[in-house]
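Only one structure is covered here, and it is reproduced in the block below.
Along the sequence shown, the residues carry numbers beginning at 1. All ligand and atom numbering here is 1-based and tracks the order in the structure.
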Amino acid sequence: MIKNLVGALLSAALVVVTAGAAQAQSDYPKRNIVMIVPFAAGGPTDVVARIVSEHMSRTLGQTVLIENVAGAGGTTGATRAMRAANDGYTVIMGHMGTHAAAVALYPNLAYKPDVDFEPVGMAAGTPILILAKKDLPAKDLKEFVAYVKANNEKLNMAHAGVGSVSHTTCLLLSSILQVKPIAVPFQGTGPAMNALVGGQVDYMCDQIVNAVPQIQGGTIKAYAIGTPERSPVLPDVPTTTEAGLPQYQASAWNAVFAPKGTPKEIVQKLADALDKALDDPAVRKRLLDLGSDIPGKDRRGPQALGTLVKNEIAKWTPIIKANM
Ligand code: MLT
């Protein structure tokens, strides 16, 4: 008798809890959403996050608040996001560094990018540029290569922390050139760019969205872009292939992730809001003017991002292990 009563009470409780969870999902979002940017404000990850989150806020009817959590090449912020409640109220703007290269660069990484997150969707592809301070003597990439080799171990190469995109893609450059510059870490390539413009560091490999204004303004030098085609917003910057360094091919991507276990219905609402942002003409103009590659429909959404993360881990792990 008692057993039946306990059983009935338990199943009633289960019904209440399930109904509550279903209600929470269908009411989502009922309050602000935090989007962690794992680097300092003003860098490429921050810029892409603020552009898309502003439009997502309108679609979701709640503010998507940017929270910059810098450190350890973005893995501090990514770990914070992984440990957040999986209720849809914390997401992260991650990228090729935090959710692919970091696996090979941090043996004790607190998270597995392809296991501990729910992929929401890719936001922007970001070609990599080889950049230098305005008064570096080299006039083109060939002279830059010679200069870096001649001044090996004396030049300051800026990056955003071990495992960041700027760190990984310039380590690739260093391994191709067989040089060991002085690696100067910053909390993001926003502050690093200030140092490059100020001449405090010599060169950097950075995502195009962080460099277009400075290149167009002539406050830094851009020797080449690491993609097969030139960027339409930087028509005078040659590809690495045109400039004589075809083996240097480098581009990154920024994407939104939620903690593992975030309900599928909520992940889909976030993915739909990101999709709408990427279809909005004003958002597209801002991203394209900064040289971003906006993913087509086939490259958007949770499934495509899940596949991208696995492929990028598989791509960068052997490169990093072989060259660093
Ligand atoms: C990086 O990985 O270099 C980051 O994108 C830098 C940043 O966003 O500040």
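Heavy atoms of other residues, nucleotides or ligands lying less than 6.0 angstrom from CZ of R80 number 12 at most.
Per-residue contacts place G188 under 4.0 angstrom from the following atoms of ligand 1 (heavy atoms of the residue considered): 9 (O). Less than 4.0 angstrom separates some heavy atom of G43 from each of these atoms of ligand 1: 9 (O). Numbered from 1 in the order shown, with element, the atoms of ligand 1 that lie under 4.0 Å from a heavy atom of S164 read 1 (C), 2 (O), 3 (O). Atom numbering of ligand 1 starts at 1 in the shown order; those under 4.0 Å from a heavy atom of P44 are 5 (O), 7 (C), 8 (O), 9 (O). In the vicinity of A160, heavy-atom distances shorter than 4.0 Å reach the ligand 1 atoms 1 (C), 3 (O), 6 (C).
Ranking protein heavy atoms by distance to atom 5 (O) of ligand 1, first place goes to Q207 NE2, 2.6 Å. Considering only non-hydrogen protein atoms, atom 3 (O) of ligand 1 sits nearest to S166 OG, 2.6 Å. Of all protein heavy atoms, the one closest to atom 8 (O) of ligand 1 is T45 OG1, 2.6 Å. What sits closest to atom 9 (O) of ligand 1 on the protein, heavy atoms only, is T189 N, 2.8 Å. Ranking the protein heavy atoms by distance from atom 1 (C) of ligand 1 puts V165 N, 3.4 Å first. Distance from atom 4 (C) of ligand 1 to its nearest protein heavy atom, with residue and atom name: H95 NE2, 3.6 Å.
The backbone N or O of P29 sits nowhere less than 3.5 Å from a side-chain atom of K269 that would complete a donor-acceptor pair. Here the side chain of D293 pairs no donor or acceptor atom with the backbone of T126 at under 3.5 angstrom.
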task: Determine, step by step, whether L245 and L173 satisfy the side chain to side chain contact (heavy atoms under 4.5 Å, CB included) criterion, reporting the C-alpha distance in whole Å, the side-chain angles of both residues, the deciding distance to 0.1 Å, and the verdict.
output: CA-CA 10 Å; L245 197 68; L173 182 64; 3.7 Å; yes
task: Take V52 and L278 through the test side chain to side chain contact (heavy atoms under 4.5 Å, CB included) and record every step on the way to the result.
output: CA-CA 7 Å; V52 299; L278 296 178; 4.2 Å; yes
Chi angles and distances behind the salt bridge (Lys or Arg N to Asp or Glu O under 4.0 Å) call for K276, D272: CA-CA 6 Å; K276 278 193 175 63; D272 292 346; over 6 Å; no
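A salt bridge links D87 with R31: the closest approach of a Lys/Arg side-chain nitrogen to an acidic carboxylate oxygen falls below 4.0 angstrom.
Residues P302 and Q268 form a side-chain contact, since some pair of their non-hydrogen atoms from C-beta on lies under 4.5 Å apart.
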